[in-house]
Amino acid sequence: MALIFKTDIERGGAWRAAFAKQLPDVELRLWPEVGAAEEIEYAVVWQPPAGFLASLPNLKAVFSIGAGIDHLLADPELPRGVPIIRMVEPGLTVGMTQFVVMACLMLHRSMIDYRNQQVAHHWEEISQEPPENRRIGIIGLGHLGGEAAKALRGFGFPVSGWSRSRKQIEGVTSYAGEEELSDFLARTDILVSLLPLTPQTEDMIDAKLLSGLPKGASFVSAGRGRQVVEEDLLAALDSGQLSGAVLDVFREEPLPKDSRFWDHPRVIVLPHVASMTNPATAVGSIVENIRRIQRGEAPLHQVDLEKGY
Ligand code: NDP
Ligand code: OXD
């Protein structure tokens with residue numbers, strides 16, 4: 001029995017060490033050293049080449065190294081009968097909570113204005129709203145969104161979230177479904193996107209959605225770039241409908257050198273680093289699922305291919 005993993009070269013060593021410790025009975029192979037394809041039962045991958053997974057005839061599960069699985073669905077030959085498991089692991093969750101808290105605090109505490117003042121060598125105090133006047137809304141109140149929401153509550157912000165199904169998170173107002181989207185937007189001063197990329201969420205953050213926010217609201221983009229109509233976002237920033245944005249994901253990555261986002265005075269650009277899977281903590285989640293599969297039990301966090309996440 002073998003497990004193949006495909007990750008960036010720098011982190012390959014960390015993955016191998018963590019697997020060797022926790023999964024001694026399984027032979028580890030680091031892509032592109034595939035060896036005998038029929039021996040591979042598990043694949044742990046990020047952006048595998050199209051057709052690679054289909055070339056493994058005895059695959060029992062595919063583990064995404066990231067929370068998003070759009071990189072797998074992009075493969076037209078993805079074997080549909082094999083369970084796809086998205087990444088849910090403590091390191092990735094903590095990292096995203098930190099990122100969302102950091103971005104919301106930067107927007108709440110006028111850090112974009114202070115950065116611009118620093119560039120201009122300008123010293124001026126900006127009046128500060130208390131947290132209870134800054135309503136934060138998380139679009140995509142799933143695993144990562146829910147944990148971030150709880151942390152934001154701790155700072156005294158009124159927090160709400162929007163998802164397909166209703167959530168019960170103490171102190172967090174849950175809005176669900178298309179019919180509640182406009183009410184959710186109307187009470188949101190900082191919108192945080194943590195949606196997965198699906199046909200329904202692609203291009204969802206457009207001029208119409210942004211115009212549903214109160215004038216001067218701000219935006220944190222940490223889901224996927226293709227959810228955002230970038231021209232509409234720029235227009236909202238130019239007109240003052242949005243007062244600022246912290247952007248971690250883009251339609252094209254790396255962000256092209258000539259993108260207007262780089263020099264926009266109301267924008268902070270980050271190179272898709274909101275959170276990363278930590279091999280040391282992720283391997284435990286993968287091993288737990290392999291053991292479940294070996295016992296004939298259903299794996300945790302299996303992707304629903306109909307829903308696309
Ligand atoms: P989950 O599947 O736990 O959460 C997704 C949430 O989005 C769910 O609440 C779901 O609703 C909601 N949702 C999906 N489609 C719709 C829709 N059409 N309308 C309304 N709500 C919808 O995923 P995670 O929280 O683990 O991850 C979310 C995303 O974050 C990932 O898919 C990835 O794209 C992104 N990500 C980005 C990172 C970065 O570094 N920038 C790092 C990690 C993740 P419901 O609960 O009702 O099903
Ligand atoms: C993820 C990511 O989906 O890093 O985990 O974007």
Side-chain angles (χ1 to χ4, degrees), residues 7-8 11 44-47 63-74 84-100 102-103 137-151 160-169 172-185 191-206 209 219-228 245-251 253-255 268-279 281-282 285-286 300-309:
T7 177
D8 49 285
R11 297 206 299 161
V44 179
V45 288
W46 182 251
Q47 297 179 337
F63 294 87
S64 169
I65 285 184
I69 51 104
D70 41 300
H71 65 110
L72 297 174
L73 297 181
I84 309 285
I85 296 158
R86 67 200 176 84
M87 185 56 73
V88 177
E89 66 93 6
L92 185 66
T93 307
V94 167
M96 185 57 84
T97 298
Q98 289 175 354
F99 173 79
V100 172
M102 174 191 74
I138 299 180
I139 191 169
L141 191 64
H143 176 74
L144 297 175
E147 290 305 310
K150 288 182 214 163
S160 70
W162 183 75
S163 43
R164 283 228 270 232
S165 53
R166 183 93 49 215
K167 307 293 175 201
Q168 301 287 344
I169 303 175
V172 176
T173 310
S174 163
Y175 292 81
E178 290 291 326
E179 55 293 352
E180 295 182 13
L181 179 59
S182 56
D183 287 348
F184 163 77
L185 293 171
L191 178 69
V192 178
S193 174
L194 276 173
L195 286 164
L197 181 63
T198 68
Q200 289 74 40
T201 65
E202 182 156 11
D203 295 331
M204 183 178 199
I205 299 169
D206 60 1
L209 184 143
F219 176 50
V220 178
S221 187
R224 284 290 183 265
R226 277 166 52 200
Q227 290 155 353
V228 180
V246 178
L247 308 176
D248 183 59
V249 289
F250 298 89
R251 296 191 86 90
E253 295 178 5
L255 184 63
I268 292 174
V269 168
L270 290 150
H272 198 142
V273 290
S275 188
M276 260 171 235
T277 298
N278 176 359
T281 44
S285 307
I286 295 169
L300 304 171
H301 314 304
Q302 184 172 344
V303 170
D304 178 341
L305 288 177
E306 285 295 307
K307 289 202 287 186
Y309 64 96

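Whatever order the structure lists them in is the order used to number ligands and atoms, beginning at 1. All values below come from the heavy atoms of this structure, side chains included, with hydrogens, waters and symmetry mates left out.
- Proximity of Met276 to ligand 1, defined as any heavy-atom pair under 4.0 Å, is not found for any part of the residue.
- Close contacts of ligand 2 with Gly68, meaning ligand atoms under 4.0 Å from a residue heavy atom, involve 1 (C), 3 (O).
- With hydrogens and angles left out, the side-chain atoms of Glu89 and Thr281 include a donor and acceptor closer than 3.5 Å.
- A donor-acceptor distance shorter than 3.5 angstrom exists from the side chain of Arg11 to the backbone of Thr277, with no hydrogens or angles considered.
- Shown in contact with Ser275 at under 4.0 Å from a heavy atom are these atoms of ligand 2, numbered in order with element: 4 (O).
- Those atoms of ligand 1 that come under 4.0 Å of a heavy atom in Val249, given as number and element, are 41 (N).
- Trp162 CH2 to Glu178 CD: the interatomic distance, rounded to the nearest 0.5 Å, is 5.0 Å.
- Using a 4.5 Å heavy-atom cutoff, the side chains of Val220 and Val100 are not in contact.
- Within the 4.0 Å heavy-atom criterion, neither part of Ala274 lies near ligand 2.
- Within the set Arg164, Glu89, Lys167, the minimum heavy-atom distance to atom 46 (O) of ligand 1 is found for Lys167.
- In this structure, the side chains of Val45 and Leu72 come closer than 4.5 Å at one or more pairs of heavy atoms.
- Atom 23 (O) of ligand 1 has its closest protein heavy atom at Arg86 NH1, 3.5 Å.
- The shortest contact between atom 5 (C) of ligand 1 and any protein heavy atom is with Pro196 CD, 3.6 Å.
- With a heavy-atom cut-off of 4.0 Å, Gln200 touches ligand 1 through its side chain alone.
- No side-chain donor-acceptor contact under 3.5 Å links Asp248 to the backbone of Ser221.
- Under a 4.0 Å heavy-atom criterion, Leu197 is not in contact with ligand 1.
- Counting only heavy atoms from C-beta outward, the side chains of Leu181 and Ile139 approach each other to under 4.5 Å.
- The distance criterion of under 3.5 Å between nitrogen or oxygen atoms is not met by Leu92 with respect to ligand 2.
- Ser64 pairs in a side chain to side chain donor-acceptor pair (under 3.5 Å) with only one of the listed residues (His71, His301, Arg86), which is His71.
- To the nearest 0.5 Å, the span separating CZ on Phe219 from CD1 on Ile205 amounts to 4.0 Å.
- Distance alone, capped at 3.5 Å, places no donor-acceptor pair between the Ser174 side chain and the Gln168 backbone.
- With values rounded to the nearest 0.5 angstrom, Ile138 atom CD1 is found 10.0 Å from Leu144 atom CG.
- Atom 13 (N) of ligand 1 has its closest protein heavy atom at Leu195 CD2, 3.7 Å.
- You'll find the side chain of Leu270 reaches within 4.5 Å of the side chain of Phe99, heavy atoms only.
- Among protein heavy atoms, the minimum distance from atom 27 (O) of ligand 1 is reached at Leu144 CD1, 3.5 Å.
- Between Phe250 atom CZ and Leu255 atom CG the span is 5.0 Å, to the nearest 0.5 Å.
- For Thr198, no heavy-atom contact with ligand 1 is shorter than 4.0 Å.
- The ligand atoms of ligand 1 that sit less than 4.0 angstrom from a heavy atom of Asp248 are 39 (C), 40 (O), 41 (N).
- Counting only heavy atoms of the protein, atom 2 (C) of ligand 2 lies nearest to His272 NE2, 3.6 Å.
- Residue Trp162 approaches ligand 1 through these ligand atoms, each under 4.0 Å from one of its heavy atoms: 19 (N), 20 (C), 21 (N).
- Residue Tyr309 places at least one N or O, backbone or side chain, under 3.5 Å from an N or O of ligand 1.
- Using a 4.5 Å heavy-atom threshold, the side chains of Thr93 and His143 count as touching.
- Minimum interatomic distance between Gly91 and Asn278 (heavy atoms only, all atoms of both residues): CA-CB, 4.3 Å.
- At a heavy-atom cutoff of 4.0 Å, ligand 1 is contacted by the backbone of Leu141 but not by its side chain.
- Residue, atom and distance of the protein heavy atom nearest to atom 28 (C) of ligand 1 are Leu194 O, 3.2 Å.
- Ranking the protein heavy atoms by distance from atom 3 (O) of ligand 1 puts His143 N, 2.8 Å first.
- Under a 4.0 Å criterion applied to the non-hydrogen atoms of Gly140, ligand 1 contributes the atoms 6 (C), 7 (O).
- Taking every non-hydrogen atom of His272 and a distance limit under 4.0 Å, the qualifying atoms of ligand 1 come out as 39 (C), 40 (O), 41 (N).
- In this comparison of Gly142, Gly225, Gly223, Gly68, the heavy atom closest to atom 35 (C) of ligand 1 sits on Gly223.
- The closest non-hydrogen atom to atom 3 (O) of ligand 2, taken over Arg224, Glu89, Met87, comes from Arg224.
- Residue Ser275 places a heavy atom less than 4.0 Å from ligand 1.
- Side chain of Gln227 to main chain of Leu195: a donor-acceptor pair is present (N/O by atom type, distance under 3.5 Å, no hydrogens or angles).
- In terms of polar-atom proximity, defined here as any N/O pair under 3.5 Å, Ala222 does make such a contact with ligand 1.
- Summary of contacts: the protein heavy atom closest to atom 1 (C) of ligand 2 is Ala67 N, 3.4 Å.
- Each of the atoms 37 (C), 38 (C), 39 (C), 42 (C), 43 (C) of ligand 1 lies under 4.0 Å from some heavy atom of Met96.
- For the atom pair CZ of Phe184 and OG of Ser160, the computed distance is 4.5 Å after rounding to the nearest 0.5 Å.
- Every heavy atom of Met204 sits 4.0 Å or more from the atoms of ligand 1.
- Looking at atom 33 (C) of ligand 1, its nearest protein heavy atom turns out to be Arg224 NH1, 3.6 Å.
- Rounded to the nearest 0.5 Å, atoms CD1 (Ile65) and CD1 (Ile286) are 7.0 Å apart.
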